[in-house]
Q: 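Please find one structure pasted underneath; my questions will follow.
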Amino acid sequence: MTDPSILHVDMDAFFAAVEILDDPTLAGKPVIVGGAGDRGVVASCSYEARAYGIHSAMPSVQARRLCPHAVFVHGNYHRYTEVSAELHEVFSSFTPVIETISIDEAFLDVSGARKLFGTGPEVGRLIREAVRDRLRLSCSVGVATTKFVAKLASEAAKPKATRKGIEEGPGVYVVEPGTELDFLHPLPVEALWGVGPATARKLRSIGVMTVGDLAALPRDMLIGAIGSAHGAHLHDLSWARDPRRVEPVRDTKSIGHEQTYAHDMHDHDELGREAVRLADAVAGRLRAAGVAGRTVSIKVRFHDFSTITRARTLPAPCDEGPELARVARLLLDQVDPTAGVRLFGIHVSGLGEARQLSFESDQGWGPASAAVDEIRRRFGDTAVGPAAVVGESGLEIKRKGDQQWGPGEERAARVVEAPALREDGNRGPGGPDTMGG
């Protein structure tokens, strides 16, 4: 039987760790990366903060109650992407078979690296050493025969936060072939991908507390309790059946930006200006990726957290800000904002290869968009932009990752006149991890 060769590498408290790396005075303190305002959320926190029960997606108000002396840092997404690029250089030095899951985690298939670097567990330890030496950061590595088990193994490899201090984890946790069920079955059933709070409640109602309890259920009984596809999927996972391979290329299905506001917006004019700002940012990302999209959708979340979406499919793919803003405003006309809008977003899907336009082209906004891209490339994002997004400090361009975890206190003070845009993070099974490990 061959050694396990699928690795899941996950950085430890990534965003917080980068902030501490850049500012050593934060070392040993309960550091929280996220929005410090009333509507902010925790994106990541140091293990010192986790000892107080703080975790990702927790409202910042609650985090401050748990740890009044916590140090809030708004975060720098662009800095995190720089470090992430270095991290992937480390990965690439061991194997080309890398499936990026988020900015701070990836699956690696190192079966082809045995002759150069040794077994899967040995490669895991070498990667961890390289991350420590080159990035001065720490990561945890799970090693197994399947992606699902490797992901859970990386959690077992991590440090643990306690009020008595930080307990170092093994760093590399290996689930040897043939021992998968011994590892899986004692875990809480919530460890399975696809078991959220609602599914967990259903499973607990029929006596399922652990993965082993679920595995012991007859397949038909599980399907009857939670549905055909979902039940079959969870039953397979509970028996460590996960046929998915490490896929180096993952197609982007949509590109978008969302913004949570420090104060509710109540009229179409305010939202219209935000539509211009978000559309400009989304269009820039589409062009940078060399794609255009046909379906424009908006997302509106009201003060009571009720959320609606509206969408329109265009006759041809689009990557131009003014056109996206025009469509978004038409969709906004279908929405009554008087109750108060706390979040607004624009997304473009149905992506395909963008049409190449030259500066001499007379087709639509193509030449102007190309000129804007070139000016921003040479002089920075705030060198040029739509007049509608001019605020007290000049052009307030939306950048990917800008304050994506909610308004901070400083920004909230002037958000009424010039609302800023922030992009919400989201984590699904095996998806982006805003906690940063």
Side-chain angles (χ1 to χ4, degrees), residues 43 77-78 80-82 84-85 88 99-106 247-260 271 274-301 307-332 343-357 364-366 368-370 372-374 376-377 381 385-386 389 396-405 420-428 430-434:
Y77 191 85
H78 303 286
Y80 308 148
T81 58
E82 290 175 355
S84 179
H88 282 74
E99 181 178 343
T100 300
I101 302 302
S102 70
I103 194 172
D104 67 333
E105 63 175 320
E247 300 288 347
V249 178
R250 304 177 75 203
D251 293 333
T252 300
K253 291 182 170 50
S254 68
I255 289 177
H257 279 298
E258 295 179 358
Q259 169 66 46
T260 298
L271 285 169
E274 293 306 297
V276 173
R277 188 200 308 270
L278 267 72
D280 174 68
V282 172
R285 288 181 60 196
L286 288 167
R287 295 193 297 272
V291 296
R294 292 195 59 182
T295 300
V296 180
S297 60
I298 65 169
K299 175 179 175 181
V300 178
R301 179 168 295 153
T307 304
I308 62 171
T309 60
R310 299 288 184 268
R312 175 172 292 194
T313 298
L314 306 177
C318 177
D319 62 0
E320 298 166 358
E323 177 63 10
L324 297 182
R326 183 188 70 82
V327 176
R329 281 173 155 168
L330 289 175
L331 294 171
L332 277 172
L343 177 146
F344 175 55
I346 296 177
H347 294 263
V348 177
S349 56
L351 305 182
E353 187 174 349
R355 174 184 53 170
Q356 297 298 313
L357 293 174
W365 286 90
S369 297
V372 168
D373 291 342
E374 178 62 18
R376 287 177 174 173
R377 185 188 67 79
D381 290 347
V389 302
E396 296 187 344
I397 300 299
K398 174 69 179 130
R399 299 182 179 92
K400 182 180 179 182
D402 264 355
Q403 313 303 343
Q404 60 181 4
W405 307 294
L421 301 177
R422 296 173 175 82
E423 183 178 345
D424 287 342
N426 180 45
R427 180 182 180 142
D433 184 355
T434 56

Q: Answer yes or no: is there a side-chain heavy-atom contact under 4.5 Å between Leu351 and Leu286?
A: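 Heavy-atom side-chain distance check passes, below 4.5 Å.
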Q: Just so I know, are the side chains of Arg329 and Val276 near enough to count as touching, which here means a heavy-atom distance under 4.5 Å?
A: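 A side-chain contact under 4.5 Å exists here.
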Q: For Gly345 versus Leu278, what's the shortest heavy-atom pair and its separation?
A: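 Smallest heavy-atom distance, with atoms named: CA-CD2, 3.6 Å.
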Q: Report the residues that fulfil salt bridge (charged side-chain N to carboxylate O under 4.0 Å, His left out) with Arg310, sequence neighbours left out, ordered by chain and then residue number.
A: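 Residues passing salt bridge (charged side-chain N to carboxylate O under 4.0 Å, His left out) with Arg310: none at all.
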Q: Is there a side-chain contact (heavy atoms from CB on, under 4.5 Å) between Ile346 and Leu324? Walk through the geometry before answering.
A: CA-CA 9 Å; Ile346 296 177; Leu324 297 182; 5.5 Å; no
Q: Mark yes or no for whether Arg312, through its side chain, and Val296, through its backbone, hold a donor-acceptor pair below 3.5 Å.
A: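 Here the side-chain-to-backbone pair does not exist.
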Q: What closest approach, in Å, do Ser297 and Leu331 show between heavy atoms, and which atom pair accounts for it?
A: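 Heavy-atom minimum between the residues: CA-CD1, 4.3 Å.
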Q: Can you check whether Ile103 reaches Tyr77 side chain to side chain, under 4.5 Å on heavy atoms?
A: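 SC-SC contact between Ile103 and Tyr77 confirmed.
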Q: If you compare all heavy atoms of Ala289 against all heavy atoms of Ile255, which two are closest, and at what distance to 0.1 Å?
A: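 Scanning both residues completely, I find the closest heavy atoms to be CB-CD1, 4.4 Å.
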Q: Using every non-hydrogen atom in the two residues, find where Glu320 and Ala283 come nearest and quote the distance to one decimal.
A: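 Scanning both residues, the minimum pair turns out to be C-CB, 3.8 Å.
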Q: Rounded to the nearest 0.5 Å, how far does CD of Glu323 lie from CG of Leu314?
A: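 So the CG of Leu314 and the CD of Glu323 are separated by 6.0 Å.
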Q: Shortest non-hydrogen contact from His257 to Arg285?
A: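 Closest pair (atom of His257, atom of Arg285, distance): NE2-CD, 3.3 Å.
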Q: Which heavy atom of Asp319 sits nearest a heavy atom of Val291, and at what distance?
A: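 Scanning both residues completely, I find the closest heavy atoms to be CB-O, 3.8 Å.
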Q: Side chain to side chain donor-acceptor pair (under 3.5 Å) with Thr307: which residues, sequence neighbours excluded?
A: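 Partners of Thr307 under the side chain to side chain donor-acceptor pair (under 3.5 Å) test: Arg301.
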Q: Under a 3.5 Å distance rule, please check whether Thr295 uses its side chain to pair with a backbone N or O of Gly350 as donor and acceptor.
A: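 A pair under 3.5 Å: no.
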